[in-house]
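Bear in mind the structure is a predicted one, so any value in this text is a computation, not a measurement. Index from 1, following the sequence.
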Amino acid sequence: MKKINTRYIQNAKLNSEKIAALTAYDYPTAKLIDEAGIEMIIVGDSLANVVLGYDDTNKISMNEMLIFTSAVSRAVQRAMIVCDMPFMSYQKSIESAMENIGNAIKSGANAVKIEGSGEYIESVIKRCSEIGIPVVAHIGFTPQSINAIGGHYIQGKTYDATVELLEKAKRLEASGAFAIVLELMPEECAKYITENLSIPTISCGAGHYCDGQVLVSDDVFGKFTGRKPTFARRYGDMQSLITECAKQYISDVKSGDFPSESETFHLEEKELKLLNIH
Ligand code: KIV
């Protein structure tokens, strides 16, 4: 099976084919969505909230991200795996950014995602592209800057803000990013950016004009027990399924219905005789 690469992602934009991306953090989920045909799997730092129970994505460490990235990489055959670089893993210095980004690639990621814009971020992207590490940029609402932004506010709500976002996106593209996530913005703003970039844009709450879409898989499967963002679509109800299965199991254990004969091992007759059990 041919692995999806940056050329595939970039050709999708050229051919006006939408890119379908989801997050995944564990082996079974990654395996199932890869087999279902997802093209890009982002091991998002949303892992902090949806899997590890932190109240804030900024609390996740690089080491934690690496554990989950390598689990995903062991499961995936076709999709491109993008490791979302966590808070302060790339902001301190180019040296420490490159060390952490290198470890993400060594753990099985095919690309990394970094949030933000400006000279420093551009220099990290330039360095990555010089040494052949593909980078997905990320602008609009950038969760790692939640403390500065002050909340989950929609970005790019005016003409000036839209022009400014395009300017940032163009600089990130010029630095070598091969794709860019646009998060939480009006779709007209995302359309303007998408039409003026040659790299694909991936929407995360930025409407349907982007070249692709990404959602947190736990929202899509109805597994995350916290609040679902309004822009996410729930396709299943794993919460109810898990609760139902757990309740049924508890009841079967209490009633003695579990384990059944087919779920039980037995000693051979001669051993039973020695133990004097009938
Ligand atoms: O952390 C995350 O899950 C993300 C994406 C959904 C873009 O950054």
query: When you look at Gln239 and Thr225, which way does the side chain to side chain contact (heavy atoms under 4.5 Å, CB included) test go after all the steps?
result: CA-CA 7 Å; Gln239 275 179 45; Thr225 50; 4.2 Å; yes
field: Step-by-step side chain to side chain contact (heavy atoms under 4.5 Å, CB included) determination, Asn5 to Asn110
entry: CA-CA 8 Å; Asn5 55 21; Asn110 310 118; over 6 Å; no
field: salt bridge (charged side-chain N to carboxylate O under 4.0 Å, His left out) between Lys273 and Glu269, worked out
entry: CA-CA 6 Å; Lys273 275 196 190 126; Glu269 203 58 40; 5.3 Å; no
- request: Test Lys168 against Glu164 for salt bridge (charged side-chain N to carboxylate O under 4.0 Å, His left out), laying out the working first.
  value: CA-CA 6 Å; Lys168 286 177 179 173; Glu164 198 181 314; 3.7 Å; yes
field: Ile94/Tyr120 under side chain to side chain contact (heavy atoms under 4.5 Å, CB included): CA gap, chis, key distance, verdict
entry: CA-CA 8 Å; Ile94 296 275; Tyr120 173 74; 4.1 Å; yes
Side chain to side chain contact (heavy atoms under 4.5 Å, CB included) between Glu183 and Thr142, intermediate numbers included: CA-CA 7 Å; Glu183 182 160 350; Thr142 44; over 6 Å; no
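Between Phe87 and Asp45, the closest side-chain pair of non-hydrogen atoms is not below 4.5 Å. For the pair Ile114 and Val124, the minimum side-chain heavy-atom distance is below 4.5 Å. Between Ile154 and Pro186, the closest side-chain pair of non-hydrogen atoms falls below 4.5 Å. Within the 4.5 Å cutoff, the side chain of Asn11 has heavy atoms near those of the Leu14 side chain. Side-chain contact between Ile19 and Tyr8 is absent, with no heavy-atom pair separated by less than 4.5 Å. Taking 4.5 Å as the limit, some side-chain heavy atom of Met65 sits within range of a side-chain heavy atom of Asp84. Using a 4.5 Å cut-off on side-chain heavy atoms (C-beta onward), His266 and Glu261 make contact. A heavy-atom distance below 4.5 Å is found between the side chains of Arg74 and Ser70.
Not one N or O on the side chain of Asn100 forms a donor-acceptor pair closer than 3.5 Å with the backbone of Tyr90. Looking only at distances, no side-chain donor or acceptor of Ser117 sits under 3.5 Å from a matching main-chain atom of Ala169. Judged by distance alone, with hydrogens and angles left aside, the side-chain atoms of Thr23 form a donor-acceptor pair with the main-chain N or O of Ser217 at under 3.5 Å. Between the side chain of Glu263 and the main chain of Ser260, a donor-acceptor pair closer than 3.5 Å is present. When atom types are taken as modelled, the side chain of Ser145 and the backbone of Ile149 share no donor-acceptor pair closer than 3.5 angstrom. Side chain of Glu115 to backbone of Gln144: a donor-acceptor contact under 3.5 angstrom is found. Distance alone, capped at 3.5 Å, places no donor-acceptor pair between the Thr57 side chain and the Ser46 backbone. Judged purely by atom type and a 3.5 angstrom limit, Glu271 has no side-chain atom pairing as donor or acceptor with the backbone of Glu268. In this structure, the side chain of Lys2 does not engage the main chain of Arg78 through any donor-acceptor pair within 3.5 Å. Although no hydrogens or angles enter the test, the distance criterion places a donor-acceptor pair under 3.5 Å between the side chain of Gln91 and the main chain of Ser89.
Closest of all the heavy-atom pairs between Met98 and Ile133 is CE-CD1, 4.5 Å. In terms of heavy atoms, Ser107 sits closest to Thr69 at OG-CG2, 3.4 Å. Scanning both residues, Ala30 and Ile41, for their nearest heavy atoms gives O-CD1, 3.9 Å. When every heavy atom of Gln213 is checked against every heavy atom of Ile202, the shortest pair comes out as C-CG2, 3.8 Å. Among all heavy-atom pairs drawn from Leu165 and Gly156, the shortest one is CD1-CA, 3.7 Å. Taking each heavy atom of Ile4 and Met80 in turn, the nearest pair found is O-CB, 3.6 Å.
Around atom NZ of Lys59, more than 12 heavy atoms belonging to other residues, nucleotides or ligands sit under 6.0 Å away. Within a 6.0 Å radius of NZ in Lys106, no more than 12 heavy atoms belonging to other residues, nucleotides or ligands are found.
Going from atom CZ of Arg127 over to atom CD of Glu130 covers 5.0 Å, rounded to the nearest 0.5 Å. Between the CE atom of Met88 and the OG atom of Ser96 there is a distance of 8.0 Å, given to the nearest 0.5 Å. Put simply, SG on Cys204 and CZ on Phe231 are 4.0 Å apart, with the number rounded to the nearest 0.5 Å. In this structure, the separation between CD on Glu187 and CD1 on Ile193 is 12.5 Å, given to the nearest 0.5 Å. The CZ atom of Phe68 sits 8.0 Å away from atom CG of Asp26, with the distance rounded to the nearest 0.5 Å. Between the CG atom of Leu52 and the OG atom of Ser61 there is a distance of 8.5 Å, given to the nearest 0.5 Å.
Note on residues 148-205: pairs passing ring pair (Phe, Tyr, Trp, His ring centres under 6.0 Å), not counting sequence neighbours, are Phe141-His152. Applying the salt bridge (charged side-chain N to carboxylate O under 4.0 Å, His left out) test to every pair with at least one member in residues 188-210, sequence neighbours left out, gives these pairs: Lys191-Glu195. Within the structure, salt bridge (charged side-chain N to carboxylate O under 4.0 Å, His left out) pairs that include any residue of residues 200-217 comprise Lys13-Asp211 (at least two apart or interchain). Residue pairs satisfying the salt bridge (charged side-chain N to carboxylate O under 4.0 Å, His left out) criterion with at least one member in residues 217-244, sequence neighbours excluded, are absent.
Between Lys170 and Glu167 there is no salt bridge, since none of the side-chain N atoms of the basic residue sits less than 4.0 Å from a carboxylate O of the acidic one.
Placement of Met238 and Leu32 in two distinct hydrophobic clusters is found when ILVMFWY residues are connected by side-chain heavy-atom separations under 4.5 Å, directly or transitively. In terms of hydrophobic clustering, with Ile, Leu, Val, Met, Phe, Trp and Tyr side chains grouped at heavy-atom distances under 4.5 Å, Ile180 and Leu184 are assigned to different clusters. Hydrophobic clustering of Ile, Leu, Val, Met, Phe, Trp and Tyr side chains at less than 4.5 Å, counting indirect connections, keeps Val112 apart from Ile42. In the hydrophobic clustering of this structure, Val50 groups with Ile67; members are Ile, Leu, Val, Met, Phe, Trp, Tyr whose side-chain heavy atoms approach within less than 4.5 Å, directly or through other members. Under the 4.5 Å side-chain heavy-atom criterion for ILVMFWY residues, no single connected hydrophobic cluster contains both Phe221 and Leu241.
The ring pair (Phe, Tyr, Trp, His ring centres under 6.0 Å) test applied to Phe258 returns Tyr249, not counting sequence neighbours. With sequence neighbours left out, the salt bridge (charged side-chain N to carboxylate O under 4.0 Å, His left out) criterion links Glu122 to Arg171.
When only modelled atom types and interatomic distance are considered, Gln248 and Asp252 share a side-chain donor-acceptor pair under 3.5 Å.
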